[in-house]
Amino acid sequence: MKSIFVMLIIVVFLAIGVKDIFMATGNDTLVEPGSEVYRENLMLEKEFGGESIIVLYESENLLTPAHFEHMQGLEEALQNKDSIYSILSPVTLTEEIAKKQANTGKDGAPMDSGVPGNQEALDKMIYGEDNQLRPMFEEVVIDDRYMVMMIKLSGETDDSGKTEVIDTVNHYLDTENIETAETLVSGKPVLDNATRAAMQESIQSMMGLALLIMTGVLSILFKVRWRILPLAIVLLAVIGTVGLMGWLQIPITMVSMAVFPILIGLGIDYAIQFQNRYAEEMLKEDSNGE
């Protein structure tokens with residue numbers, strides 16, 4: 001009984017670490033953080049920014065003040081995020097042009113560095129004298145139907161910081177819906193965020209299904225008393241393992257997810273063998289007592 005009590009105390013202690021478990025899909029889960037390649041990539045991202053979130057606008061009538069105003073509102077929603085390195089979009093380029101015109105007084109521009117509210121003034125900024133798109137816009141205006149906003153994140157932004165920016169973008173696009181254009185949010189951070197969500201959903205389904213199958217197998221094929229006891233023992237082992245990962249700040253990755261089905265499968269086998277051996281020894285003691 002003393003051994004069982006000590007083990008329960010240890011499991012309870014480990015279980016406290018479950019609240020600190022987290023999913024990870026970053027580069028450090030694919031490349032050793034101490035490697036030269038990883039360190040050089042980190043230095044590059046510190047100097048020039050990291051991954052980018054792309055917001056795509058699609059419309060038949062694309063370059064209009066209404067669309068620019070909508071994109072400008074998204075930039076304002078993101079301006080206080082410390083994890084953002086830079087934002088590049090048709091709006092930021094137009095604002096730069098407007099600032100220069102306001103400072104020089106060219107084209108009769110008013111002393112206002114904002115995006116023009118009428119189509120004629122906006123066209124003067126976007127198109128050159130030959131009525132062709134200015135070269136500086138070619139990176140963000142794909143063609144007559146598509147334009148993009150590129151939100152570059154800081155190099156050391158963690159998964160929670162990336163998720164915060166993505167949630168802010170999605171919340172703005174959901175609440176400030178624009179009927180004349182379709183929007184799409186993409187980029188590696190968005191894909192990683194969706195992967196983490198899918199991993200969490202998958203591991204929950206996988207664990208639930210494994211427990212359900214094992215309960216059925218033990219109930220039907222294991223014709224002994226306390227037939228569900230091995231499953232309870234395995235659950236304690238899983239809780240202890242996940243809790244230890246939380247204490248040690250070891251993330252759940254696409255690789256480590258494979259451990260849990262193996263842990264349940266092997267754990268059930270060992271628990272059944274232990275229970276059978278215990279039952280055999282108890283029978284021997286009863287026989288010797290007689």
Side-chain angles (χ1 to χ4, degrees), residues 41 43-157 162 165-166 168-170 172-173 176-191:
N41 181 72
M43 291 174 58
L44 181 67
E45 289 187 347
K46 286 181 180 179
E47 291 293 329
F48 303 103
E51 301 167 348
S52 295
I53 299 171
I54 307 298
V55 183
L56 176 70
Y57 283 73
E58 177 185 1
S59 177
E60 293 288 347
N61 188 17
L62 187 64
L63 304 178
T64 64
H67 293 161
F68 275 50
E69 182 181 355
H70 186 270
M71 187 175 281
Q72 188 175 35
L74 177 55
E75 290 187 4
E76 291 174 355
L78 296 169
Q79 64 183 358
N80 295 325
K81 303 294 181 183
D82 296 332
S83 54
I84 294 179
Y85 180 81
S86 65
I87 297 177
L88 179 64
S89 72
V91 170
T92 57
L93 296 177
T94 304
E95 288 175 340
E96 288 297 321
I97 295 174
K99 286 180 182 178
K100 292 180 181 179
Q101 291 182 353
N103 291 333
T104 60
K106 289 184 178 180
D107 297 331
M111 298 302 291
D112 183 7
S113 60
V115 177
N118 64 83
Q119 189 67 54
E120 183 179 358
L122 181 61
D123 288 342
K124 285 184 179 181
M125 291 184 178
I126 298 175
Y127 299 99
E129 295 180 357
D130 56 355
N131 203 30
Q132 297 294 319
L133 190 71
R134 296 180 187 270
M136 63 187 303
F137 285 93
E138 291 178 356
E139 187 175 0
V140 291
V141 179
I142 311 303
D143 53 30
D144 293 338
R145 287 179 57 88
Y146 302 98
M147 65 179 178
V148 297
M149 173 191 290
M150 292 184 285
I151 306 165
K152 181 170 287 190
L153 302 172
S154 300
E156 295 182 323
T157 304
K162 295 176 183 178
V165 175
I166 294 169
T168 300
V169 172
N170 288 329
Y172 176 84
L173 295 179
E176 302 294 331
N177 186 33
I178 182 168
E179 296 181 357
T180 55
E182 296 289 335
T183 56
L184 174 68
V185 184
S186 186
K188 187 177 184 298
V190 179
L191 178 61

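Note that the numbering runs from 1 along the sequence shown for the chain.
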Taking everything shown except [X] itself, do over 12 heavy atoms lie less than 6.0 Å from its [atom1]?
X: Glu120; atom1: CD; value: no
X: Met43; atom1: CE; value: no
X: Asp144; atom1: CG; value: no

[atom1]/[X] to [atom2]/[Y] distance, rounded to the nearest 0.5 angstrom?
X: Leu88; Y: Ile151; atom1: CG; atom2: CD1; answer: 11.0 Å
X: Leu191; Y: Glu51; atom1: CG; atom2: CD; answer: 10.0 Å
X: Thr92; Y: Ile97; atom1: OG1; atom2: CD1; answer: 10.0 Å
X: Ile53; Y: Leu78; atom1: CD1; atom2: CG; answer: 8.0 Å
X: Ile84; Y: Thr157; atom1: CD1; atom2: OG1; answer: 9.0 Å
X: Met125; Y: Glu96; atom1: CE; atom2: CD; answer: 11.5 Å

Taking the side chain as every heavy atom from C-beta outward, state whether [X] and [Y] have any pair of such atoms under 4.5 Å apart.
X: Pro189; Y: Val165; answer: no
X: Tyr172; Y: Val55; answer: no
X: Thr64; Y: Gln119; answer: yes

**Message:** Using modelled atom types and a 3.5 Å cut-off, is there a donor and acceptor pairing between side-chain atoms of Ser59 and backbone atoms of Thr180?
**Reply:**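 A pair under 3.5 Å: yes.
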Closest heavy-atom pair and its distance - [X], [Y]:
X: Pro90; Y: Val148; result: CD-O, 3.3 Å
X: Ile126; Y: Leu133; result: CG2-CD1, 3.2 Å
X: Tyr127; Y: Asn131; result: CD2-O, 3.9 Å
X: Tyr85; Y: Glu47; result: OH-O, 2.9 Å
X: Ser154; Y: Asp82; result: OG-O, 3.8 Å
X: Ile178; Y: Ala66; result: CD1-O, 4.2 Å

**Message:** Tell me whether the rings of His70 and Tyr57 are parallel (<30°), tilted (30 to 60°) or perpendicular (>60°).
**Reply:**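 Rings of His70 and Tyr57: perpendicular, as their planes differ by over 60°.
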**Request:** Please determine which of Glu139, Gln72, Glu75 meets the side-chain hydrogen bond (donor to acceptor under 3.5 Å, both in side chains) test together with Ser89.
**Result:**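 Among Glu139, Gln72, Glu75, the one that satisfies the side-chain hydrogen bond (donor to acceptor under 3.5 Å, both in side chains) with Ser89 is Glu75.
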**Message:** Run the side chain to side chain contact (heavy atoms under 4.5 Å, CB included) test on Glu58 and Leu184 for me, step by step, so that the C-alpha distance in whole Å, both residues' side-chain angles and the decisive distance to 0.1 Å come before the verdict.
**Reply:** CA-CA 8 Å; Glu58 177 185 1; Leu184 174 68; over 6 Å; no
